[in-house]
2 protein chains.
Amino acid sequence: MGIFSKTCEYAMRAVFFIAAKTADGGRVGIKEIATGIDSPEHFLAKILQDLSRRGVIQSAKGPNGGFYVDEAILNMPLSSIVEAVDGNDIFIGCGLGLEYCSEENPCPIHHEFKAIRNQIQVLLKTTKIGEFNEDLNLGIAVLKK
Amino acid sequence: MGIFSKTCEYAMRAVFFIAAKTADGGRVGIKEIATGIDSPEHFLAKILQDLSRRGVIQSAKGPNGGFYVDEAILNMPLSSIVEAVDGNDIFIGCGLGLEYCSEENPCPIHHEFKAIRNQIQVLLKTTKIGEFNEDLNLGIAVLKK
DNA sequence: CAAATAAAAGACAAAAGACTCTTTTATTTT
DNA sequence: AAAATAAAAGAGTCTTTTGTCTTTTATTTG
């Protein structure tokens, strides 16, 4: 596995896809999203339901329904997606999995890893969900395997 | 889960423990290691067998047997442990889980993540297994939950 | 050589994560 | 109101990770 869980990878790709498709209005359906990011449809549906409940995307049922995002969501940081799916372990967890690792009671690599955790945090907090729309729509960035 | 798999976390803690205990000679048994790092004994045994086969630690059977490390191992980088257990995904994997993500065909966060992957790599490659022996033996660093 | 010791190996078992399929509910359009 | 559409929800499966238990093999010591 990578830095994030598979579920979280799907979530980020899906949110980027939805953002790029619906920033100018409109909705996009689960089938189109699943195809667009190479993910299993029903599994992704669950992930998106969860993200929708948590306000990271929006959804509407019925004809012309689908998933979409508004301006406020476009300006939300990537950390919103990651925290909704994987929690905040990546920001605070110990590199060696020690529950009580801290500044006062550090594991051997505690200080070295603090820098990495911080950098991940800065990246996820300062990058906006809508930031890639142009690159995605121009085909400069890609979401498929 | 954190950056590394649970297996990898146990592996690193165990190798640090063995290094600190045996750098000046001697062996340490699986029971003492498991107790010393708060890990399930039999599960850890498998991990250590694997590390031993891959040359990341050494082992001897029979009375006065156990696990130990020599001078060469003390100077090996942490990346040897991580690669033996988790492979090199952490160094090369895409942040969004895309198989064909690359400089020419980047995912949206490819460039941002390159810096993080590089920092993790530098940390793991430049830190030596034996580097924490003193802190561990003095109780300044800790390996227990 | 016999007994004791300790790692190696193998076969299971439980839990979590990833994924599928079916039914239900809400909305829109005619 | 009826039909069509599309997300929401629920139940269940498969796979991987994590963990347990038992047996075997190698080594040392008396």
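Here is the naming used below: chain letters follow the sequence lines, and residue numbers restart at 1 for every chain.
Rounded to an integer number of Å, the gap from CG of Asp89(A) to C1' of dG17(C) is 15 Å. Across the protein-nucleic acid pair, Ile47(B) atom CD1 and dG19(D) atom P stand 8 Å apart, rounded to whole Å. Straight-line distance from the CD atom of Gln49(B) to the C1' atom of dA26(D): 13 Å, rounded to whole Å. Following rounding to the nearest Å, Asp50(B) (CG) and dT17(D) (P) show an atom-to-atom distance of 13 Å. Per the geometry, OH belonging to Tyr68(A) stands 12 Å off C1' belonging to dA7(D), to the nearest Å. Here dA6(D) presents its P atom at 15 Å from CG of Leu48(A), a figure rounded to the nearest Å. With rounding to whole Å, Leu51(B) atom CG is found 11 Å from dA8(C) atom P.
Side-chain atoms of Phe67(B) lie closest to dA7(C) of the nucleotides dT5(C), dA7(C), dA18(C).
Of all the residues in residues 53-60 of chain A, Arg53(A), Ser59(A), Ala60(A) reach under 4.0 Å from DNA chain D with at least one non-hydrogen atom. Of the residues in residues 11-39 of chain B, not one comes within less than 4.0 Å of DNA chain D through any heavy atom.
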Dump the pairs, protein N or O against N or O of nucleotides 20-25 of chain D, anything under 3.5 Å, distances to one decimal.
from    : atom 1 : to       : atom 2 : distance (Å)
dT25(D) : O2     : Lys61(B) : NZ     : 3.3

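Evaluated for a side-chain contact (heavy atoms from CB on, under 4.5 Å) with Glu134(A), the options Leu138(A), Leu136(A), Asn137(A) yield exactly one hit, Leu138(A).
Asn75(B) places none of its side-chain heavy atoms less than 4.5 Å from the side chain of Ile129(B).
Remark: side-chain polar atoms of Thr35(B) are paired, donor with acceptor, to backbone N or O of Lys31(B) under 3.5 angstrom. Side-chain atoms of Asp86(A) come within 3.5 Å of backbone N or O of Ser5(A) as a donor-acceptor pair.
Within the structure, every side-chain polar atom (N or O) of Asn64(B) is placed at least 4.0 Å from both OP1 and OP2 of dT27(D). Residue Thr7(B) places at least one side-chain N or O under 4.0 Å from the OP1 or OP2 atom of dT18(D).
Across all non-hydrogen atoms, the minimal contact from Ala84(B) to Asp50(B) is O-OD2, 4.1 Å. The minimum heavy-atom distance between Ser59(A) and Ser52(A), with the atom names listed, is OG-OG, 3.4 Å. Contact between Leu143(A) and Arg13(A) at its shortest, heavy atoms only, is O-NE, 3.3 Å. Residues Phe67(A) and Ile30(A) share a closest heavy-atom pair of CE1-CB, 4.3 Å.
For the pair Lys125(A) and Phe91(A), the cation sits on the ring face: its NZ or CZ lies under 6.0 Å from the ring centre, inside 45° of the axis.
Mapping Tyr10(A) and Gly66(B) onto DNA chain C by nearest heavy atom places Gly66(B) at the nucleotide closer to the 5' end. Of the two residues contacting DNA chain C, namely Ser52(B) and Pro63(B), the nearest-nucleotide position lying further toward the 5' end is that of Pro63(B).
Remark: Glu112(B) CD to Leu124(A) CG distance equals 10.0 Å, nearest 0.5 Å. Ile120(B) CD1 to Ile120(A) CD1: the interatomic distance, rounded to the nearest 0.5 Å, is 5.5 Å.
The same ILVMFWY cluster, assembled from side-chain heavy atoms under 4.5 Å apart, contains both Ile73(B) and Ile37(B).
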